[in-house]
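Below is one structure; the comments refer to it alone.
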Amino acid sequence: MANSADSSYTNLKELGASHSQTRQENGQHQPESSSSDVPMREPPVPNLSKLLRGKGREWEEIKAKPRPLQLLDLPVDILRLIVKEVTHTNDLTSLALTNSTLYYLTIPHIYARFDIVWPDDNVQPSDSKNVDALTYGLATLCLGSKFAQRTRWLRGSSLRYLKPSARLVDNQYAKYTRKFSLGNGPKDWTSEYMVTKESGKMLGTLVAIAVGKMVNLETFVWDMPTGVLSEVFMALASLQDHYQEGESKLEKVWVRWHDNSDIPDGASSISSPIQPAVTPHIGNPVTAVGNPLPNDFHPSVTQPIKYSESHVEYPTFSVLPPLKSLTVLDIDELPYLDEMSVLIERSRSNLRELRVGISQKASAAEFAQTWDSYTLQQVDHDARWPGESRIGERRLGGVLGVLVGRVYDIRRKSARIQERGPIDPTPEQGSAPQFNGVEEFGSPDSNGVVPPFTHADATIAGRTQPQSQRQSNAATTSNASCAGRKRLDGKLQLETLELERVPISQQVCTRALDWSVLTNLTILDCMYAEHLWRTLKRHFHPTPPPHGSPAGTPTQYNLSLKYIHTDITSSTLISFIKETLAPNSLEVLFLQDRRHTHAPAVKVDQIFKGAIKRHRSSLKKLLLDSSNKLGENRRWGCWVLSSDIVSYITSGRMPNLKELSASFDYKDWHLFLQRLPNIPQLRSLHIPHMTENTTGGYFEPKEHALQLVDIITLRPEIQLCYVGVNTKCFEILEARPSDTSNGVSDVGLNGNHHGNGAIVIDMDDDDHEDDGSEADEETEEDDDDVNDDNTNASPTDAGDDFTDVSDDAESETDSLQEGDLVGSAARLRLREILFYDDKVAIFKARHGRL
């Protein structure tokens, strides 16, 4: 063996000499080695010195060890990469307790995410006085460093001969946190943390202290509808102070607001005086901006209030640094929108994701409607905080007009205003034309600014002038002051836009957004959505090749939409998808029709011909659901897949389809089972409804899931792993008999172990997103999509937490006894689980809400 090694070394040396001679013949000079240089050992491979990248000394120390290499002998960089592949918290904790080196490598991963997942609704609250995980976790993040300092001081004073533990020298755990998330949960559990209660105030204070230490925080999620203290927003804003450039790493903020109507009447705000209801004239068409107001309407001047008189937290979004993703749900107060407009203006060059949802109770409020009048404004540019706003609750363009009020002005500035001064309102100015592609809409008036005036001035004006005169003066002052500010004409470069109960303003959507970069669009329960599809189809219709172009010149499509989710499906939408989007470009299509009508306006055959067949090669996720919001009667039967559609989907002509949710007819169920091997790439299947068996058989979800398992057993190339049938959800697991007989925990199709021995089959991260934003992997680098389902209870990663709430594997697992299989064959198991809304997009989209 020695001769063999010497021979190999000689050949390697000759190869190096030959290579050196070749370089000299090519004119490349070889530097002479100096005798003073440290003699270098021959590397085991020719290019090892390049791979070491300055770690040669560490490699020499490893080679000098007489014993075989062990895990801890590897370089720290290699160990760090190994620890990075460990994704489960229990495994990371075990590694941290093994060795001090592994401790320091695993701590950043253990505290990288702070996720609170609440139990299921079925879990009864405990009567014990035990401290919950939320309090324990916040205590660790808030008091870790102080505890270490005190421990070192005590040990150093009482036991002088002992050195303080190295693990307590620096345990600022909060500095490792990159994602902080408080998920939504059952109301009985989360109501104790309302911001109006003592426990809620204490929770907000602890979170503010902890967040202030999270210098590497990237994602902040507060999905509990309990309210967020202004101190938390101030703590988020202070993160940029830790960096010299003033730019923090914070990129994503997700907040679900609480119901402000629950606040006692004594603390109610008087910032918005009650005004008589003003409804648009019957028969007047909705303009591109919104509902036209009567020509003689003038907004009344609202008076500034004191901070103590407002029940809305301030400051909130206005102090945050520029963000890439902003999500604000269940908005029920106008000041939140005013502050969001400040943040959007600050983030105009960075913002890529915007999700906005109006509360169900506030959907009929004045500020939530789209209004169009030459006397209205979008935002008050002179107000230093929302309480100083004097322009009332009716805003030009509604919610969207307020959000882009500091980026884009709906009204064009007019030179006539500057020349003539105040304009006396006339019927001609009050009428607004329809949206026709021209940039000037309605009256030539601009979105002016009310000049500042004191409370005393307002009081004097109120004493000396009648109400109608004050309203006229407000409109006159607004028009006269518009000349002092340059018109805003910016656009948001959004990639994701999701709206819930937000009335659509065509002017804002088409002019304030750059549709060439928008890829994900969600419209849920939004008024005037029909007008949006019609406007987009008219303004972004495909451009045919110019006359005289060579044959084969493709048609130019002006939109890049890949994701569409809406709960109001119309023929206009189907026509928009068919004629405006490029063929085979749409990847995600979630269509629901949740209106309170007898039947949907669109039949399933229209959807199939206009949308599904048009994008058959690109569709990855498809959801069709015609049930109404309350789930009453059998309206869902209108969109049951026909035999032809089932045959087409299972024909193999949709090679990228990975998630499918639709109702089936029982007579076509076995047809789907027989043709399931034609779509082996399908990962998730959801069957919300199925027509009854004509033979009188009962619709049993578990029985249908077991039938799918039978097919997968015969055709193991099928990748189906999550099955939702009606209200039940199942997971298909795989375990080999040899593993079970040897006492080894079950191994999944991908070989990964789950927390308690059961294996979760990982899914490809094909979702848009955080975004979503959306199939989150159980790693610290995932861009977590948020979940607002109360049963699943959080926008955080399910991960190990779902294992805790799942039922016991032995009692709830249905095994297929396959004694006739050979030893290498797989044994499949079916386990009932919760719906993985965070992992499967169709499970989350079935709720029809953000």
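These numbers come from a predicted model, not from an experiment.
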- prompt: Less than 4.5 Å apart, any side-chain heavy atom of Glu579 and any of His541?
  reply: no
- prompt: Sub-3.5 Å donor-acceptor pair from the side chain of Ser230 to the main-chain atoms of Glu313, do we have one?
  reply: no
- request: Grab the two heavy atoms, one from Leu236 and one from Pro321, that are nearest each other, plus how far apart they are.
  value: O-CD, 4.2 Å
field: Euclidean distance, Cys509 SG relative to His531 NE2, rounded to 0.5 Å
entry: 12.5 Å
Interatomic distance, Leu499 atom CG to Leu521 atom CG [nearest 0.5 angstrom]: 7.5 Å
task: Would you confirm whether Glu231, through its side chain, and Thr205, through its main-chain N or O, come within 3.5 Å as a donor-acceptor pair?
output: no
- request: Could you tell me which non-hydrogen atom of His258 sits nearest to which non-hydrogen atom of Gly227, and how far apart they are?
  value: ND1-CA, 3.1 Å
field: Heavy-atom pair of closest approach, residues Ile391 and Asp380
entry: CD1-N, 3.5 Å
message: Please check: side-chain N/O of Ser341 versus main-chain N/O of Asp338, any donor-acceptor pairing under 3.5 Å?
response: yes
query: Side-chain donor-acceptor pair under 3.5 Å between Tyr408 and Gln507, yes or no?
result: yes
- prompt: Do any N or O atoms from the side chain of Arg487 and from the backbone of Arg411 form a donor-acceptor pair under 3.5 angstrom?
  reply: yes
message: Could you check whether any side-chain N or O of Trp254 sits under 3.5 Å from a backbone N or O of Arg256, counting only pairs where one atom can act as donor and the other as acceptor?
response: no
- prompt: Measuring from Lys361:NZ to Asp332:CG, what's the distance to the nearest 0.5 Å?
  reply: 9.0 Å
task: Kindly indicate whether the side chain of Phe317, heavy atoms from C-beta on, has any atom under 4.5 Å from the side chain of Val342.
output: no
task: State, with a plain yes or no, whether a side-chain heavy atom of Thr316 is found less than 4.5 Å away from one of Val228.
output: no
message: So which atom in Arg501 and which in Cys526 form the shortest heavy-atom distance, rounded to 0.1 Å?
response: N-SG, 3.8 Å
message: With rounding to the nearest 0.5 angstrom, report the CD to OG1 distance, Glu218 to Thr177.
response: 11.0 Å
- request: Please lay out, stage by stage, how Leu497 and Leu518 fare under the test side chain to side chain contact (heavy atoms under 4.5 Å, CB included).
  value: CA-CA 8 Å; Leu497 176 63; Leu518 188 67; 4.0 Å; yes
field: Side chain to side chain, Leu581 and Tyr557, heavy atoms closer than 4.5 Å
entry: no
query: Can you say whether the rings of Phe180 and Phe220 are parallel (under 30°), tilted (30 to 60°) or perpendicular (over 60°)?
result: parallel
message: Any non-hydrogen side-chain atom of Val517 less than 4.5 Å from a side-chain atom of Leu494?
response: no
Backbone N/O of Val404 and side chain of Glu345: donor-acceptor pair under 3.5 Å: no
query: Distance-only, no hydrogens or angles: does the Asp409 side chain make a donor-acceptor pair with backbone N or O of Leu488 under 3.5 Å?
result: yes
message: Could you walk me through whether Asp525 and Asp567 satisfy the side chain to side chain contact (heavy atoms under 4.5 Å, CB included) test, starting with their C-alpha distance in whole Å, then the side-chain angles of each, then the deciding distance to 0.1 Å, before giving a yes or no?
response: CA-CA 6 Å; Asp525 198 10; Asp567 61 350; 3.7 Å; yes
- prompt: Any side-chain heavy atom of Lys249 sitting closer than 4.5 Å to one from Arg178?
  reply: no
message: Using the rule given for side chain to side chain contact (heavy atoms under 4.5 Å, CB included), can you reason through Val195 versus Thr226, listing the C-alpha separation, both sets of side-chain angles and the distance that settles it, and then say yes or no?
response: CA-CA 6 Å; Val195 71; Thr226 57; 5.9 Å; no
message: Main chain of Glu495, side chain of Thr519: is a donor-acceptor contact present, judged purely on distance under 3.5 Å?
response: yes
- prompt: Please walk me through it: do Met527 and Gln369 pass side chain to side chain contact (heavy atoms under 4.5 Å, CB included)?
  reply: CA-CA 9 Å; Met527 295 176 60; Gln369 308 301 317; 4.0 Å; yes
field: Minimum heavy-atom distance Val379-Arg395, with the two atoms named
entry: CA-NH1, 3.9 Å
Pro315 and Met234, any side-chain heavy atoms less than 4.5 Å apart: yes
statement: All heavy atoms of Ala208 vs all of Ala235, minimum pair found to be O-CB, 3.3 Å
message: How long is the straight-line distance from CD1 of Ile410 back to OG of Ser505, given to the nearest 0.5 Å?
response: 5.0 Å
- prompt: Roughly how far apart are Arg538 CZ and Phe576 CZ, rounded to 0.5 Å?
  reply: 12.5 Å
- prompt: Salt bridge or not for Asp330 and Arg849, using N-O below 4.0 Å?
  reply: no
query: Between the side chain of Asp514 and the main-chain N/O of Lys491, is any donor-acceptor distance below 3.5 Å?
result: no
message: Using a 3.5 Å distance criterion without hydrogens, assess whether the side chain of Ser238 forms a donor-acceptor pair with backbone atoms of Gly212.
response: no
query: Parallel, tilted or perpendicular: which describes the rings of Tyr563 and His565, with under 30° parallel and over 60° perpendicular?
result: perpendicular
message: When you compare the side chain of Arg355 with that of Thr496, does any pair of heavy atoms fall below 4.5 Å?
response: yes
